[in-house]
Amino acid sequence: MPLQSARHFLQIPGPTNIPERVLRAIDRPTIDHRGPEFAALARECFEGLKSVFKTTGKAVIYPASGTGAWEAALVNTLSPGDAVLMFETGHFATLWRRIAGKLGLEVDFVPGDWRHGADPTAVEEKLNADRAHRIKAVLVVHNETSTGIASRIAEIRQAMNRARHPALFMVDTISSLASLDYRQDEWGVDVTVAGSQKGLMLPPGLSFNAMSEKALDAAKTARLPKSYWSWEDMLAANSSGFFPYTPATNLLFGLREALTMLREEGLDNVFKRHARFGEATRRAVRAWGLELLGLDPREYSNSLTAVLLPEGHNEVELRRVILENFNMSLGSGLGKVQGKVFRIGHLGDFNDLMLCGTLCGVEMGLALAGVPHQQGGVAAAMAYLAAENASQQQTARRRSAS
Ligand code: PLP
């Protein structure tokens with residue numbers, strides 16, 4: 001690889017770009033994790049997380065990657081042999097399903113084509129058919145990072161309500177939290193799984209469970225073995241601001257700063273910003289004459305875009321050309337879509353010009369790698385972003401005049 005100047009464009013759909021403010025917050029001496037300064041830090045993090053999950057319930061923080069929080073959600077609420085309902089929306093749903101199987105849960109894995117999210121109608125039918133209430137939990141990945149498809153969580157909750165089924169509802173928000181609209185309490189989610197390295201703009205290394213009262217009740221009788229992941233041990237220590245083991249202290253400094261940044265921008269503005277990036281990127285893809293992996297516009301993800309390459313062209317080669325020529329990393333094709341799909345991450349600490357630079361790298365890369373396409377994707381995105389900015393300014397002017 002030739003020596004690259006200036007900064008690397010990290011446009012994978014997580015880990016994402018880390019803001020300077022967060023880097024500076026992390027870059028300080030570690031403090032005593034059993035002292036009063038730590039307890040104050042931890043309490044601020046627990047409180048701040050609630051507004052991001054939109055819950056009044058409890059949230060725990062693991063010094064672990066997202067996979068740990070997947071396991072924690074299951075072992076704290078379920079017992080060996082329990083039936084769970086899951087949906088094959090992509091690679092990450094498949095990995096979560098594998099963990100459930102390894103833990104001895106009986107998984108009904110509804111097959112999918114990796115081009116749609118979990119279907120609320122299928123949820124309702126499955127639950128209606130389960131008269132004996134054998135299904136103990138419905139598990140859905142909100143934003144499938146391998147496909148750029150976001151399942152409709154509120155509609156899935158409504159389907160569960162219509163079926164009057166008591167199953168717990170668990171949602172993986174690892175690549176949606178703090179990027180896409182998410183409302184744990186309003187949508188009746190019992191366990192939310194999240195990670196630090198995407199919308200929360202932190203390095204990898206922290207993961208989260210946010211739990212409802214119903215989930216905490218289920219934990220009292222759940223019999224799957226657990227130790228490191230035990231909510232009971234974690235919550236007991238957290239009540240005085242501490243952890244049952246050594247926490248990732250410096251990442252918590254970063255988390256506190258990231259939560260402050262999200263509060264300053266306002267979550268709704270964060271979601272609008274990502275919606276703009278999503279739409280601009282989809283316009284670029286269409287202008288290139290390439291195909292989006294997602295087929296249902298109601299399910300387009302605003303945190304990443306997965307693009308199908310024409311037959312005979314491989315994403316590995318395209319990404320190699322783009323990395324070598326433009327110092328930019330794009331997301332690879334994962335699992336069943338390996339080789340066929342590349343992913344553009346546009347989540348986290350990101351703005352319009354970073355998106356334009358990213359799309360420029362893709363458009364030039366398509367040409368260099370000999371992928372058949374039309375020019376004009378970047379121009380289509382720019383026209384949209386400029387129009388959106390103009391309309392926002394007009395709205396702000398009208399508001400200040402009235
Ligand atoms: N779930 C989703 C939706 C993800 O995108 C990822 C990772 O990218 C995971 C789970 C697994 O998280 P981790 O790799 O942090 O263990």
Side-chain angles (χ1 to χ4, degrees), residues 10-18 53 60-75 84 86-103 107 109 112 114 116-118 139-153 156 170-182 184 189 191-210 228-229 248 251 254-255 258 274 278 293-294 299-306 329-338 341-348:
L10 182 67
Q11 297 315 138
I12 57 175
T16 60
N17 298 289
I18 305 170
F53 287 109
V60 293
I61 307 172
Y62 295 107
S65 87
T67 301
W70 266 343
E71 180 164 339
L74 303 177
V75 294
V84 297
M86 302 184 78
F87 295 84
E88 189 201 354
T89 50
H91 181 66
F92 291 101
T94 306
L95 291 182
W96 200 9
R97 179 247 176 279
R98 241 179 250 161
I99 295 175
K102 283 183 191 163
L103 291 171
V107 186
F109 196 45
W114 292 44
H116 293 89
L139 316 182
V140 177
V141 175
H142 182 196
N143 190 65
E144 239 310 337
T145 324
S146 60
T147 63
I149 292 167
S151 287
R152 288 164 284 149
I153 300 302
I156 293 172
M170 303 195 202
V171 179
D172 167 343
T173 64
I174 287 181
S175 61
S176 60
L177 193 78
S179 308
L180 313 184
D181 187 15
Y182 184 75
Q184 157 133 343
V189 178
V191 187
T192 300
V193 173
S196 55
Q197 72 271 30
K198 310 220 183 207
L200 289 176
M201 307 176 287
L202 293 160
L206 295 179
S207 59
F208 311 89
N209 278 174
Y228 186 79
W229 307 117
L251 288 180
L255 175 61
H274 286 84
L293 185 60
E299 298 176 338
Y300 287 156
S301 165
N302 287 326
S303 60
L304 77 137
T305 301
S329 295
L330 294 171
S332 58
L334 294 172
K336 283 187 182 172
V337 292
Q338 195 195 357
V341 161
F342 70 95
R343 297 169 299 144
I344 304 170
H346 36 75
L347 72 167

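Side chains are part of it too, since the values below use all heavy atoms of this structure and drop only hydrogens, waters and symmetry mates. As the structure lists them, so they are numbered: ligands from 1, and atoms in each ligand from 1.
When only non-hydrogen protein atoms are considered, atom 3 (C) of ligand 1 lies nearest to Thr145 OG1, 3.1 Å. Closest to atom 9 (C) of ligand 1, if we only count protein heavy atoms, is Phe92 CD2, 3.6 Å. The shortest contact between atom 11 (C) of ligand 1 and any protein heavy atom is with Thr67 OG1, 3.8 Å.
No hydrogens or angles considered: nothing links the side chains of Ser303 and Ser179 as a donor-acceptor pair under 3.5 Å. Using modelled atom types, one finds a donor on one side chain and an acceptor on the other under 3.5 Å when comparing Ser176 with His142.
The distance from atom CG of Asn17 to atom CG of Leu347, rounded to the nearest 0.5 Å, is 9.0 Å.
Close contacts between ligand 1 and Asn143 involve ligand atoms 3 (C) [criterion: under 4.0 Å to a heavy atom]. Numbered from 1 in the order shown, with element, the atoms of ligand 1 that lie under 4.0 Å from a heavy atom of Ser65 read 13 (P), 15 (O), 16 (O). Interface of Gly66 with ligand 1, defined as ligand atoms under 4.0 Å from a residue heavy atom, comprises 12 (O), 13 (P), 15 (O), 16 (O).
Here the shortest heavy-atom pairing between Lys336 and Trp114 reads N-CH2, 3.4 Å. Among all heavy-atom pairs drawn from Phe92 and Val141, the shortest one is C-CG2, 4.3 Å.
Taking a 4.0 Å cut-off on heavy atoms, His142 fails to register as neighbouring ligand 1. The shell of residues lying under 4.0 angstrom from ligand 1, judged by heavy atoms, includes Lys198. Note on ligand 1: Trp70 sits in its first shell, one or more heavy atoms being nearer than 4.0 Å.
Side-chain atoms of Ser196 come within 3.5 Å of backbone N or O of Pro203 as a donor-acceptor pair. Within the 3.5 Å criterion, the main-chain N or O of Thr305 finds no donor-acceptor partner in the side chain of Arg343.
At a 4.0 Å heavy-atom cut-off, ligand 1 touches Gln197 through the side chain alone. The side chain of Asp172, and not its backbone, has at least one atom closer than 4.0 Å to an atom of ligand 1 (non-hydrogen atoms only; side chain from C-beta on).
Between Val141 and ligand 1, no N or O atom pair is found at a separation short of 3.5 Å.
When the options Trp229, Trp70, Tyr62 are evaluated for a side-chain contact (heavy atoms from CB on, under 4.5 Å) with Asn209, the one that passes is Tyr62.
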